[in-house]
2 protein chains.
Amino acid sequence: MTQLDLTDETTGPPPKLGRKRDHTRDPEILQAALDVLAEEGYEGMTIDMVAARAKAGKATLYRRWASKGELIIDAVACMKKSDLDFSQLPDTGTLRGDLVGMIRPHSIEDGERKLKVMAGLSSMLARTPELAEAANAAIVEPRAAANRFLIHRAIDRGEVAPDVDIETISLISPSMTAYRVLVLHKPVDREYLISLIDGVLLPALGITP
Amino acid sequence: MTQLDLTDETTGPPPKLGRKRDHTRDPEILQAALDVLAEEGYEGMTIDMVAARAKAGKATLYRRWASKGELIIDAVACMKKSDLDFSQLPDTGTLRGDLVGMIRPHSIEDGERKLKVMAGLSSMLARTPELAEAANAAIVEPRAAANRFLIHRAIDRGEVAPDVDIETISLISPSMTAYRVLVLHKPVDREYLISLIDGVLLPALGITP
DNA sequence: TATATCCGAAACTCACAAGTACCGCATATA
DNA sequence: TATATGCGGTACTTGTGAGTTTCGGATATA
């Protein structure tokens, strides 16, 4: 113990010799983890599957993540990046136009994938708060947030009464699509989403199309 | 091969000697399986846990079910028994009265338990159609069926327009409570259920309270 | 009472997956 | 160029859980 732990700061960079870690591979590995997670679930996923799909060695994965659990948390957290920011949400002048404008092939596909990951995780969520937090931030919250934003704008326009239960109503479409995919195993297509908008969401907001 | 397989019929009762199997224990074992399932999930549940909780030997379980998978399917199917039949649904004269009348401590507790089991199963549902079918019949369908029944009666009374999307609207409350419990991990209490009825369900049916 | 089966309990086999160690090669610093 | 590290790949160790077997004791038929 001569001069240990006295490095400059933030887990100081001890040496700088030898080959550097290729961090461009991190996203590929996390993507592979998400693929396996969506197909096999938390327990069904093995590190070997992830390594094989990422064409990486198992040791490489363990050099970067301490355990399977940490890898999964990182993988789930990295889904958040595919989120759309509010500035590029549709702005058609009517709430219905905005909601319908959000239905695009990519967003449907993306949503379905996220739900499959969520299904694979769900038995763990109750026992792993860290994972539950990551899943909520990456999968759940973004969808509700977009709906909240659009409804608030509709209230500002005077299109919707200001006393509606925004929280609950923003969760209608995430909840019902999740249920439809995970429990009912029925497809979520444009037709279904529009029937949700016209048959449930807008009426609940007092708009009768 | 002298006279095998020539028993009278329906997998004939071969002998009738020795101690008989005590089938009164079956429900206890299935209950234990559901308890563990709700707490640990499909993969987290072990046969030893179930046997221990049921105070039974592991061999006893394997004498009655060929595998863990079959035990779980049977356990899920046996949840269906706690269902209420239509004849004892509330009949208050208004849809809102009927829906509110369905909110009882027991039904909330029962629903929460079923959802926890569902959460434990969800990673398997996509890969095990037999399980998905059992889960749907035991957990999902009964709740939707009750709602459908009440809405149909409201239509017959003229309280609700006959052209509403009964299928979708009957799934609002099951979907959103499931989402709230499984994904949001928030409690489902009387207040929340009433806000769902008054803020979403009735408006979607064209009733403005 | 003799026999066959069930019971709970515990020991066992077997397969599989997390995590580790090592190989030969690639790539970086000094 | 010498050294130290990361790389993909493979073999290994270890723990755990499904399913099987065995045991002494209980309970049924004949």
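Every chain is numbered from 1 and lettered A, B, ... according to where its sequence line falls, protein lines coming before strand lines.
- Across the protein-nucleic acid pair, I29(B) atom CD1 and dC6(C) atom P stand 13 Å apart, rounded to whole Å.
- Rounded to whole Å, the distance from CH2 on W65(A) to P on dT20(C) is 16 Å.
- We find that CD1 of I47(A) is positioned 13 Å from C1' of dT20(C), with the value rounded to whole Å.
- Among the atoms of the strands shown, base atoms are found under 4.0 Å from some heavy atom of A59(B).
- At least one donor-acceptor pair under 3.5 Å links the side chain of T177(B) to the backbone N or O of P174(B).
- Straight-line distance from the OH atom of Y62(A) to the C1' atom of dG9(D): 16 Å, rounded to whole Å.
- D85(B) and S87(B) form a side-chain donor-acceptor contact under 3.5 Å, judged by distance and modelled atom types alone.
- Within 4.0 Å (heavy atoms only), M49(B) reaches no atom of the nucleic acid at all.
- Atom-to-atom, CZ of R19(A) to P of dG6(D) comes out at 10 Å; the value is rounded to the nearest Å.
- Atom pair K20(B):NZ and dT5(C):P shows a separation of 14 Å (rounding to whole Å applied).
- With hydrogens and angles left out, the side chain of K68(A) and the base of dG19(C) share no donor-acceptor pair within 3.5 Å.
- Counting only heavy atoms from C-beta on, S67(B) has its side chain closest to dG19(D) among dG8(C), dG19(D), dA30(C).
- As judged by a 4.0 angstrom heavy-atom cut-off over every strand, R63(B) is placed among the base-contacting residues.
- Across the interface with DNA chain C, nearest-nucleotide mapping of G18(A) and T46(A) shows T46(A) to be the residue nearer the 5′ end.
- Mapped onto DNA chain D by nearest heavy atom, A51(A) and A66(B) fall at different nucleotides, with A51(A) at the one closer to the 5' end.
- Taking atom CG on L71(A) and atom P on dA17(C), their separation rounds to 16 Å, with Å as the unit.
- On a pure distance criterion of 3.5 Å, no polar donor-acceptor pair joins the side chain of K58(B) and the base of dG8(C).
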Checklist entry - Does the salt bridge (Lys or Arg N to Asp or Glu O under 4.0 Å) test come out yes or no for E141(B) and R148(B), once each step is laid out? => result CA-CA 10 Å; E141(B) 177 55 21; R148(B) 272 198 302 266; 2.4 Å; yes
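- Atom P of nucleotide dT5(D) and atom CZ of R21(A) are separated by 12 Å, given to the nearest angstrom.
- Between E39(B) and R53(B) there is a salt bridge, with a side-chain nitrogen of the basic residue lying less than 4.0 Å from a carboxylate oxygen of the acidic one.
- A salt bridge does not link R21(B) with D26(B): every distance from a Lys NZ or Arg NE/NH1/NH2 to an Asp or Glu carboxylate oxygen is 4.0 Å or more.
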